[in-house]
Structures are given as structure tokens and as C-alpha cells.
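Predicted, not measured: the structure shown is a model, and the values here were computed from it. Note that the numbering runs from 1 along the sequence shown for the chain.
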Amino acid sequence: MLQEYKTILIAIDGSAQAEKAFKKAVEVAKRNDAVLVLTHVIDTRAYQSFSTFDGSIADNAREEAKGTLNDYKAYAKKEGLSQVRTVLEYGSPKVMIAKQIPEAENVDLIMLGATGLNAVERIFVGSVSEYVIRQAKCDVLIVRTDLDNKYIEE
């Protein structure tokens, strides 16, 4: 019997790598007749450095993320997917993507771009994709190529 995925999670962070992964996730979801769950996690650590936290910063981040998720959802629908959900969360992207969202959404495949953060951030924070590979309880696919399976260095 062929493996068929029922619910695919794709993390959107605005990077070129996430864009590649998203386009591949759309194709995998179409082949599997799967639900595509688009997610963005607003990293709450980013706000801890503001000594005088302004709620409008969080509001702006939320509105921008909602708009981006809706744009991706529209693209997926245009490409023929009928089952597309969006999830916007706050917290640690690593934990949310590896554990909490997959459990809540019954995800059986997580697709991620190979990198999202810049090199300096990866040194101090660690790679989200590396954490997800080690901690997720479902299959994880790290996307390094475009839809033509060509590796394009960013």
C-alpha cells in the first residue's frame, strides 16, 4: 500500500526557503488529496527585548502574518486545493511547529524550508528545522529544491 498523507503542515516565515517548501507542499497535498495547514508562529522572544512593550507591535505582527497566510491560502486554492486551513500562534516556533500544532491538527507530515533564519541567528537560537527533525512525532520533509528539483542557492 502506498503511503498517503492526510494532513500536511507547512510553516511560513517569509523566507525564500519557506516559499519553495510551500509550493512543494501544495503539490504533495494535491497528490495525496490532503488537508494543507499553513502556519506562522510569532516568536514571543522577539518582544522580550522591548523594555516598554507596545501592544501595537504585536498587533502589527499579527495583522501582517494574517495577511501573508491568507495570500498563501488563496494561492493554494487557486492551485486546486479545497482543504486549506491557517493557524497563527504565538510562542517558540520550534516547539509549536514540532509538537503543539501537529498534535492539535492531527498532522502526519511537516514540510519546512531548509533554512529561515540568518546565519547569526541560527548560531544563537538554533535551527527550527533541526529541532523539528529531532522532536516531531510524524514525518518531516526538509525542502531544498524548487518545483523542478533544482537547488538554487539563496
Side-chain angles (χ1 to χ4, degrees), residues 5 7-29 34-79 81-147 152-154:
Y5 294 105
T7 308
I8 300 168
L9 174 68
I10 178 70
I12 307 296
D13 68 1
S15 69
Q17 292 289 333
E19 174 91 15
K20 279 192 232 179
F22 165 72
K23 288 182 176 175
K24 280 206 171 180
V26 168
E27 296 305 313
V28 172
V35 174
L36 186 62
V37 179
L38 308 172
T39 191
H40 179 80
V41 179
I42 296 174
D43 192 344
T44 52
R45 295 170 303 178
Y47 301 114
Q48 291 174 357
S49 62
F50 293 105
S51 58
T52 56
F53 178 72
D54 180 0
S56 67
I57 295 171
D59 291 342
N60 290 342
R62 182 178 56 250
E63 290 309 311
E64 187 175 325
K66 276 185 189 176
T68 300
L69 286 171
N70 286 333
D71 291 345
Y72 277 88
K73 182 176 183 177
Y75 176 92
K77 294 266 191 183
K78 184 180 69 109
E79 289 296 309
L81 284 179
S82 59
Q83 301 178 81
V84 183
R85 295 195 300 257
T86 61
V87 174
L88 177 59
E89 289 287 350
Y90 293 88
S92 166
K94 293 176 180 183
V95 174
M96 297 301 289
I97 294 166
K99 297 177 179 180
Q100 292 178 315
I101 297 169
E103 185 177 316
E105 297 289 330
N106 295 313
V107 169
D108 52 6
L109 175 65
I110 300 170
M111 293 180 69
L112 299 168
T115 59
L117 297 172
N118 68 44
V120 174
E121 288 173 313
R122 278 196 306 274
I123 290 168
F124 293 109
V125 178
S127 167
V128 171
S129 54
E130 180 182 330
Y131 183 89
V132 172
I133 289 167
R134 293 180 190 278
Q135 299 296 322
K137 292 184 177 160
C138 64
D139 289 350
V140 178
L141 175 63
I142 302 299
V143 176
R144 297 183 182 279
T145 60
D146 62 16
L147 285 175
I152 301 169
E153 217 167 313
E154 303 297 323

**Prompt:** Do you know which two heavy atoms are closest between D13 and H40, and how far apart they sit?
**Reply:** CA-ND1, 4.0 Å
**Asked** At what distance, to the nearest 0.5 angstrom, does CD1 of I8 lie from CD of Q83?
**Response** 11.0 Å
**Asked** What are the two closest non-hydrogen atoms of L36 and A25, and how far apart are they?
**Response** CD1-CB, 3.9 Å
**Prompt:** So which heavy atom on A136 is nearest to which on I110, and how close?
**Reply:** CB-CD1, 3.8 Å
**Asked** Just how far is it from atom CD of Q17 to atom CZ of R144, taken to the nearest 0.5 Å?
**Response** 8.0 Å
**Asked** Going from CG on L112 to NZ on K20, what distance comes out if it is rounded to the nearest 0.5 angstrom?
**Response** 14.0 Å
**Request:** Identify the heavy atoms of L69 and V87 that sit nearest to each other, and give their distance.
**Result:** CD1-O, 3.8 Å
**Item:** Partners meeting side chain to side chain donor-acceptor pair (under 3.5 Å) with D71 (sequence neighbours left out)
**Value:** none
**Message:** On a heavy-atom basis, which atom in Y90 and which in V41 lie closest, and how many Å separate them?
**Reply:** C-CG1, 4.3 Å
**Item:** Inter-residue atom distance K137.NZ - K99.NZ, 0.5 Å rounding
**Value:** 7.0 Å
**Request:** For residues A21 and M111, report the shortest heavy-atom separation together with the two atoms involved.
**Result:** O-CE, 4.1 Å
**Prompt:** Applying the side-chain contact (heavy atoms from CB on, under 4.5 Å) test to Y72, which of L38, V26, I10 qualifies?
**Reply:** L38
**Prompt:** Is any side-chain heavy atom of V143 less than 4.5 Å from a side-chain heavy atom of F22?
**Reply:** no
**Asked** To the nearest 0.5 Å, how far apart are CG in L109 and CG in L9?
**Response** 8.5 Å
**Request:** Measure the shortest side-chain to side-chain distance between E105 and R85 over non-hydrogen atoms and say whether it is less than 4.5 angstrom.
**Result:** yes
**Message:** I'd like to know if E27 pairs up with K23 as an ion pair, taking the criterion as any Lys NZ or Arg NE/NH1/NH2 lying under 4.0 Å from an Asp or Glu carboxylate oxygen.
**Reply:** no
**Side-chain (T7) to main-chain (V35) donor-acceptor, under 3.5 angstrom** = no
**Message:** How about CD on E64, more than 12 heavy atoms from neighbouring residues, nucleotides or ligands closer than 6.0 Å, or not?
**Reply:** no
**Message:** Between K77 (side chain only) and S82 (backbone N and O only), is there a donor and an acceptor less than 3.5 Å apart?
**Reply:** yes
**Message:** More than 12 heavy atoms of other residues, nucleotides or ligands under 6.0 Å from CD of E103: yes or no?
**Reply:** no
**Asked** What's the spacing between K66 NZ and I42 CD1 if we round to 0.5 Å?
**Response** 9.5 Å
